[in-house]
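Ligands are counted one by one from 1 in listed order, and the atoms in each one are counted from 1 as well.
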Amino acid sequence: MCGIVGYVGERQAQPILLDCLSKLEYRGYDSCGIAVSGSHVMTYKDAVRVEKLHQVSPILNGTLGIGHTRWATHGFPTALNAHPHMDCSGKIAVVHNGIIGNYQELRQKLISEGHHLISETDTEVIPHLIEKHLDGDLVRAVELALNEVEGTFAIAVIMENFDGLVVGRKDSPLVIGLGDGEKLIASDVPAILDYANKVIYLDDGDIACIFKDKISITRNHASVQRAENQVIWDKKEVGKSGYDHFMLKEIHDELQVVRDSIDDYLVKEFDESPPLTFDPDLRDLLLLACGTSFHAGLIGKYIIEEYLGIPTRVELGSEFNHRSHIIVPSATIAITQSGETADVLMPLKKLKELHSRTIVITNVPGSTASRLADDVIYTRAGPEVSVAATKTFIAELMELYKIILYSGRISREIYEKLAFGVRQLPSLVTQVLDNEKQIIDCSEFLTHYNTVFYVGRGINYPIALEGALKLKEIAYIHAEGYAAGELKHGPFALLDKNTPVIAIATQGNVYSSMVNTIKEIKARQSPVIVLADTKCDAIESFADIVIQVPCVADLLSPVINVIPLQLLAYHTARSKGCPIDYPRNLAKSVTVE
Ligand code: BG6
C-alpha cells in the first residue's frame, strides 16, 4: 500500500509534493519519487525516505506534478521500481496505489506491441496502456487504459504539454483538495491539510481531470458531480506537538480521546433514543476486523454477549474473506480505524450483498468503509499517523461501550453503574500517563530479551494479544499473547529464565486464577512482570516487577490496562533505537489483499 499526491497551481510543485509525501509515509516508506511538468516532464526517484529525496533531488521547475511513497508489492524497493513510471516517449508519468492483478498478461501484450518496460512492477503497464490509447484526449486514454486493468488502483497522471492532472480510483482511496487557486490530490486528507480545508471524495470508477481553476469528473464517460466536504480535522492534529514520535504523542492524546468520546453520550438520559438501534429480532452479530482493531472486536464480543446476550462472532477479515460457506449474520460490525483495509472491505462488501445489515466503526470520515456501510459510527481519535495503532484502539473501545450503554437493552441500574465508571476514565487515564516513569524502568529490563509472553484472562485476554502485537510491531521482539489458562496446554514448554512473562492481573472475576497462573509461571523460572491495580502479597512476592495501574470496573479495565503496554512497547523500542513511527515491513493500513 502506497501514498500518492499531486499538485496543480501557481506555486512550484516540487516542495509541496515532497511536503505532502512526508505526511503519507505511514502508508509505505521503502522508496519514493516525484515527477514535475515544466518545459517537459522531469522525474526523480530512489529507494530512500522522502526526507533524503528532498535533500538529494535536483530542482525540477514546474507548477504541476505528482509524487509517490512506496510499500513494495511487486519488485524490490529500488530506484527502478520506485514510482513515477513513464511510457516509451517519456512524456507520460504515472503514480499508483493498489495492485494490478492482470499485469503479467498486459505486460506481455504491450511488449509484443513494441513497448519497452524496464521495471519489475505491476504499475508500469499503466503509462504504456495510456500511450497506446492516446489519440489527442488524455482523459479518454486514461479511461480506456483503466478499462483494461483488473485489480485495485488510485492513480495520478501528468503528460507533457497538458496543464492538468488526470486521476482515477477503484478500491483505493483518493481525495481532491480544493485550495485557493490550486488543487491537490492525495491518498488521504491529513497529507494536504496545510493546503486545503475542503475536499472531494471520489467514488470507485470516477475519473477526474483537474486544472488549477476547474475540475471535471466523469464515470463511464458521463459527467458526474461529487460533493465538496469541509475537513473536520485541524492541521495541528497531524503534527508531533513537541513529542519525539507520533506514537508517544498519540498515546498521550488518549486522555483527550476518552474525554471526546464521553462528551456526547453521557449527557443523554438513560432512555433517550440510542445512536445505534438494534432490531428487536436481531439474531446474531458478526464483528469483522484486522490487527489491533481485531483485538477491539474480541473485547466487543465479550461485552456484547455479557450485557446484551446477543450471540456474537469475531472474525479476522483476511480469513473470513475466503470462507466458501458464509453463515450470514443479521448484522455485521466492521471495525477499521482507517476505513481502507482491503481485508475488511472485501468481506464487508460480500456481506452487504448477502443482506447482512452493515455497520462500520471507523476513524476516517469519507473513507471507503464509511461510504460502503449502512450505518457509520465515527471514533473520536483524530488523525493517527504512527503505524502502530494506539489511540484509535482506545477510541474503538469507547464506541463499543457506547453500543452497550445505548442499546436500549440494559437495565437502568447497569446503565448508571457503567456510566459512572466511564465518567471516571479521564482521571484514571491521567494517573496512568503520569506514571510513565515506572514503565520506562521496566522497558530497560525488556530490551535484554528476544522472546516475551503476555497473558491475560477474560476481557483482558485481548489486551495480552494487543500488548504482544505492539512489542512485535515496533520493538521487533518476538512476543506472544496467550489466554493465561492456555499456558499449561503447551506454551509452558517455552518458559525459562530467558522468557519473561507480562501478566495482566487486575481485579475482576478471574483475579485469583491469574494469581495462580503467576505462581505457575514463576515455578518455571521465567521473570514475571505483573500489571496490578491493588497491593497483593501473593503478587508482590512472585513478581519481579509490578506495574501499578488504578482500579476500575473489570468491564472498563481494557482502556486502563492497554496504555502501560503501549508505553512499554514504545520505551523498549526507543531504548533499542527502532524506527518507532515507521517500523519495517508494515504500513498504517493495507489497501491491498
Ligand atoms: C495494519 C496496521 O496495517 O492494519 C495496524 O499496521 C492496524 O496498526 C491494522 O491495526 C488494521 O487497520 P484498520 O485501519 O483496519 O484498523
Side-chain angles (χ1 to χ4, degrees), residues 1-3 24-30 71-73 97 171-173 187-190 245-247 250-251 287-300 314-321 332-349 359-370 372-373 376-379 381-397 399-400 462-463 465-476 481 562 565-566 569-570 573 578-593:
M1 193 235 10
C2 310
L24 280 177
E25 277 199 304
Y26 66 78
R27 304 174 66 90
Y29 33 87
D30 57 42
W71 191 68
T73 55
N97 169 31
D171 293 333
S172 276
S187 297
D188 68 20
V189 171
H245 297 96
F246 284 109
M247 184 176 179
E250 287 155 4
I251 292 174
L287 302 181
L288 207 54
C290 299
T292 291
S293 297
F294 175 74
H295 298 150
L298 291 172
I299 291 170
V314 189
E315 297 267 6
L316 284 166
S318 51
E319 277 301 303
F320 194 80
N321 192 29
T332 301
I333 301 182
I335 308 175
T336 165
Q337 80 84 19
S338 62
E340 302 294 351
T341 301
D343 283 336
V344 172
L345 293 178
M346 292 191 276
L348 186 65
K349 257 192 205 132
I359 302 152
V360 156
I361 297 179
T362 186
N363 193 48
V364 180
S367 59
T368 305
S370 69
L372 174 64
V376 185
I377 298 175
Y378 284 114
T379 54
E384 186 175 64
V385 175
S386 184
V387 168
T390 52
K391 64 175 180 175
T392 53
F393 178 67
I394 296 275
E396 287 165 356
L397 294 184
E399 295 307 323
L400 289 163
I463 297 303
L465 294 174
E466 181 57 14
L469 179 62
K470 288 287 145 310
L471 200 70
K472 278 184 268 205
E473 280 177 312
I474 63 163
Y476 305 158
V562 76
L565 301 186
Q566 294 169 343
Y570 171 81
C578 298
I580 288 168
D581 286 331
Y582 305 105
R584 67 187 181 214
N585 305 337
L586 295 180
K588 183 68 191 159
S589 78
V590 181
T591 58
V592 292
E593 196 198 354

Query raised in the report: In the protein, what heavy atom is nearest to atom 5 (C) of ligand 1, and what distance, to one decimal place, separates them?
Result: E473 OE2, 4.0 Å

Query raised in the report: Within less than 4.0 angstrom of ligand 1, does L586 place any heavy atom?
Result: no

Query raised in the report: Is any N or O atom of E396, backbone or side chain, closer than 3.5 Å to an N or O atom of ligand 1?
Result: no

Query raised in the report: Is it true that K588 and D581 make a salt bridge, defined as a side-chain N closer than 4.0 Å to a carboxylate O?
Result: no

Query raised in the report: Going by heavy atoms, is E340 under 4.0 Å from ligand 1?
Result: no

Report task. Write down the atom of N97, the atom of C2, and the distance for their closest heavy-atom approach. Result -> OD1-N, 3.0 Å

Requested in this report: Provide, to 0.1 Å, the distance between atom 12 (O) of ligand 1 and the closest protein heavy atom, together with that atom's residue and name.
Outcome: T341 OG1, 3.4 Å

Query raised in the report: Looking at S589 and T341, what are the two nearest heavy atoms and their distance?
Result: CB-OG1, 3.9 Å

Report summary line: heavy-atom search around atom 2 (C) of ligand 1 in the protein gives K588 O, 3.2 Å

Query raised in the report: Does the pair E340 and S367 meet the rule for a side chain to side chain donor-acceptor pair (under 3.5 Å), with working shown?
Result: CA-CA 6 Å; E340 302 294 351; S367 59; 4.8 Å; no

Report summary line: A389 heavy atoms within 4.0 Å reach ligand 1 at atoms 8 (O)

Query - Interatomic spacing from OG1 in T379 to CD in E399 - rounded to 0.5 Å - result: 6.5 Å

Query raised in the report: Do ligand 1 and V387 have nitrogen or oxygen atoms that lie under 3.5 Å from each other?
Result: yes

Report task. Might you point out which heavy atoms bring L400 and I361 nearest each other, and give the distance in Å? Result -> CD2-CD1, 3.9 Å

Report summary line: Ranked by distance from atom 16 (O) of ligand 1, the top protein heavy atom is S293 OG, 2.6 Å

Query raised in the report: So, H295 versus F393, ring centres under 6.0 angstrom or not?
Result: no

Query - Nearest non-hydrogen protein atom, atom 10 (O) of ligand 1 - result: T292 N, 2.9 Å

Requested in this report: For residues V360 and A373, report the shortest heavy-atom separation together with the two atoms involved.
Outcome: CG2-CB, 3.6 Å

Query raised in the report: Of the protein's non-hydrogen atoms, which lies at the shortest distance from atom 14 (O) of ligand 1, and what is that distance?
Result: S338 OG, 2.6 Å

**Report entry** Nearest-contact summary for atom 6 (O) of ligand 1 - protein heavy atom, Å
**Finding:** A587 O, 2.8 Å

Requested in this report: Please write down residue, atom name and distance for the protein heavy atom closest to atom 11 (C) of ligand 1.
Outcome: C290 O, 3.4 Å

Query raised in the report: In terms of side-chain geometry, is the basic nitrogen of R27 or D188 positioned less than 4.0 Å from the acidic oxygen of its partner?
Result: yes

